[in-house]
Amino acid sequence: MANRVLLLIFVVATFALATAFEPSPLQDFCVADPASSARVNGHACLDSKLATAEHFSFKGLHAPGNTSNPQGSKVTPVNVVQIPGLNTLGLSLARIDYAPFGVVAPHTHPRATEILTVLEGTLQVGFVTSNPNNHLISKVLHKGDVFVFPVGLVHFQRNVAGSGKAAVSISALSSQNPGVITIANAVFGSNPAIPRDILAKAFQLDKSIVSGIQGQF
Ligand code: MN
């Protein structure tokens, strides 16, 4: 009986490992076929004879994103949505523009590690380790510096170059579809809302303050 339980634990653990990352392709490529109604993990493949260079390319990443928003930042993603040829290949890109003192608010990518390079400006970046330590690992990066945000961990960026100075970074991510969970939006801006007594306990705040924060979303 104990052996069976151990075997079951092993099988479950192996399955979890095997499905935690995108699998290696079993063919040269699998251009996402938006017309297919097949439901698979990722997208169904277009007939490879129909693939063209356009399926593997994207234009315009040189163009600055519009940072006129409350966060003062703009992410321009280049993932399987923009490049259907990325389907099943397990990686993607993003350009991020920052207004002076602009922030990419604390967020996590449920399916990807992120490696960021500063192209222009100065960024303070950081991530927080998981419970129970919740250790903040943070650094100020200059042009040409590179930093890694491990998969699943909460992280952020802030432009600290000074007034009037914009910043730009490029990130590579280890998924064709990394996903983003912005912590504030997920916790205070969910639809429908998380009951405020739960958030009041979680954040040790008065319910009226929780309602006020929820109202911002
Ligand atoms: Mn990120």
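Any value given below was found using the heavy atoms of this structure, including those in side chains, with hydrogens, waters and symmetry copies removed. Counting starts at 1 for both ligands and their atoms, following the listed order.
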Tell me whether R158 at atom CZ has more than 12 heavy atoms from other residues, nucleotides or ligands lying less than 6.0 Å away.
no
Kindly give the atom name of the N, O or S atom of E114 closest to the Mn ion (ligand 1).
OE1
Between the side chains of S92 and Q176, does any donor sit under 3.5 Å from an acceptor?
no
Taking the Mn ion (ligand 1) as the vertex, how big is the angle to NE2 in H107 and NE2 in H155, rounded to 10°?
80°
Please check if the distance between the ring centroids of F29 and F56 is under 6.0 Å.
yes
Which atom, counting only N, O or S, brings H109 closest to the Mn ion (ligand 1)?
NE2
Begin with the C-alpha distance, continue with both residues' side-chain angles, and end with the deciding distance and a verdict on side chain to side chain contact (heavy atoms under 4.5 Å, CB included) for L173 and S175.
CA-CA 6 Å; L173 297 113; S175 170; 5.7 Å; no
